[in-house]
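Contents: one structure, followed by commentary.
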Amino acid sequence: MKQLQKSLKITKIIVILLAAFFAFFLLTAPLIFNWYCELTENREGVANVLTAVFYACSPSAAVTLIYTFKFLKNLERGEIFTEKTVKYLKILSYACLSVVPLSIPLCFFFLAGLPIPAAAGFMWLILRIIKSAFEYGTQIKNENDLTV
């Protein structure tokens with residue numbers, strides 16, 4: 001149990017650090033993408049596409065960070081098989097799914113961007129499976145609570 005609490009704390013710290021990095025990147029993305037394109041000698045339009053796709057996907061990233069933190073707080077409180085946890089997993093899965101169509105234009109300008117929609121789609125699938133397992137576990141828990 002102590003190892004689990006330690007693991008949850010570490011994961012929450014990582015989520016907070018990612019949120020701080022995300023906030024920093026929101027402010028500096030155009031500069032960083034322009035700098036990157038100058039270093040790699042990419043076409044001018046690539047920086048604009050990178051910036052546009054990043055900002056289009058930013059709400060999904062913010063939702064993912066927020067609901068991952070909420071999910072971890074639920075686990076920390078021992079609220080594992082609850083409707084709230086299932087709801088958080090559903091929101092996380094839709095946030096991943098929303099990145100797929102938003103990031104596809106990146107693939108036409110930047111070949112290295114191809115794994116982004118693929119990874120987002122794969123994460124959507126994994127989260128849907130986990131959500132279904134939690135939903136099933138919640139139903140079993142609720143039935144067991146009624147029989148006691």
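The model shown is predicted, which means the values in this text are computed figures rather than measured ones.
Side-chain atoms of Thr85 come within 3.5 Å of backbone atoms of Ile80 as a donor-acceptor pair (strictly under, hydrogens ignored). Judged by distance alone, the side chain of Ser98 and the main-chain N or O of Ala95 form a donor-acceptor pair under 3.5 Å. Of the possible donor and acceptor atoms, one in the side chain of Thr40 sits under 3.5 Å from a partner among the backbone N and O of Tyr36. Looking at Tyr55, its side chain does come within 3.5 Å of a backbone N or O of Leu26 through a donor-acceptor pair.
Smallest separation of non-hydrogen atoms from Ala56 and Leu102: O-CD1, 3.4 Å. Trp124 and Ser93 get closest at one heavy-atom pair: CD1-O, 3.0 Å. Annotation for Pro105 and Val49: closest pair O-CG1, 4.4 Å, computed over non-hydrogen atoms. Residues Gly121 and Val100 come closest through the heavy atom pair N-CG2, 3.5 Å. Contact between Ala47 and Phe33 at its shortest, heavy atoms only, is CB-O, 3.9 Å.
The side chain to side chain contact (heavy atoms under 4.5 Å, CB included) check on Ile116 picks up Val99, Ser103, Leu106, with sequence neighbours excluded. Residues satisfying the ring-ring contact (aromatic ring centres under 6.0 Å, His included) test with Phe81, not counting sequence neighbours, are Phe134. Every ring-ring contact (aromatic ring centres under 6.0 Å, His included) that Phe21 has, sequence neighbours left out, goes to Phe25.
In this structure, Glu76 pairs ionically with Lys12, as a charged nitrogen and a carboxylate oxygen lie closer than 4.0 Å. Glu135 has a carboxylate O that lies under 4.0 Å from a charged side-chain N of Lys131, or vice versa, which qualifies the two as a salt bridge.
Looking at heavy atoms from C-beta onward, Ser60 lies out of side-chain contact with Cys96 at the 4.5 angstrom threshold. Between Val15 and Leu72 the shortest side-chain heavy-atom distance falls below 4.5 Å.
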Derivation of the side-chain contact (heavy atoms from CB on, under 4.5 Å) call for Phe22 and Leu18: CA-CA 6 Å; Phe22 176 64; Leu18 285 172; over 6 Å; no
Go through the steps for Asn142 and Gln139 under the test side-chain contact (heavy atoms from CB on, under 4.5 Å), then give the verdict. CA-CA 5 Å; Asn142 290 341; Gln139 288 174 356; 5.8 Å; no
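Note that CG of Leu8 is 5.5 Å distant from CD of Gln5, once rounded to the nearest 0.5 Å. With rounding to the nearest 0.5 Å, the separation of OG in Ser7 from NZ in Lys2 is 14.5 Å.
Criterion: ILVMFWY side-chain heavy atoms under 4.5 Å apart, direct or through other members. Under it, Leu89 and Tyr94 are not part of a common hydrophobic cluster. Residue Leu97 is not grouped with residue Tyr67 when hydrophobic side chains (ILVMFWY) are merged at heavy-atom distances under 4.5 angstrom, including chains of intermediate members. Cluster annotation: Tyr88 and Ile130 are assigned to the same hydrophobic cluster (Ile/Leu/Val/Met/Phe/Trp/Tyr, side-chain heavy-atom contacts under 4.5 Å, transitive). Under the 4.5 Å side-chain contact rule for hydrophobic residues, Leu65 and Val63 share a cluster.
Just one residue in the list Leu50, Thr51, Asn48 forms a side chain to side chain contact (heavy atoms under 4.5 Å, CB included) with Pro30, and that residue is Thr51.
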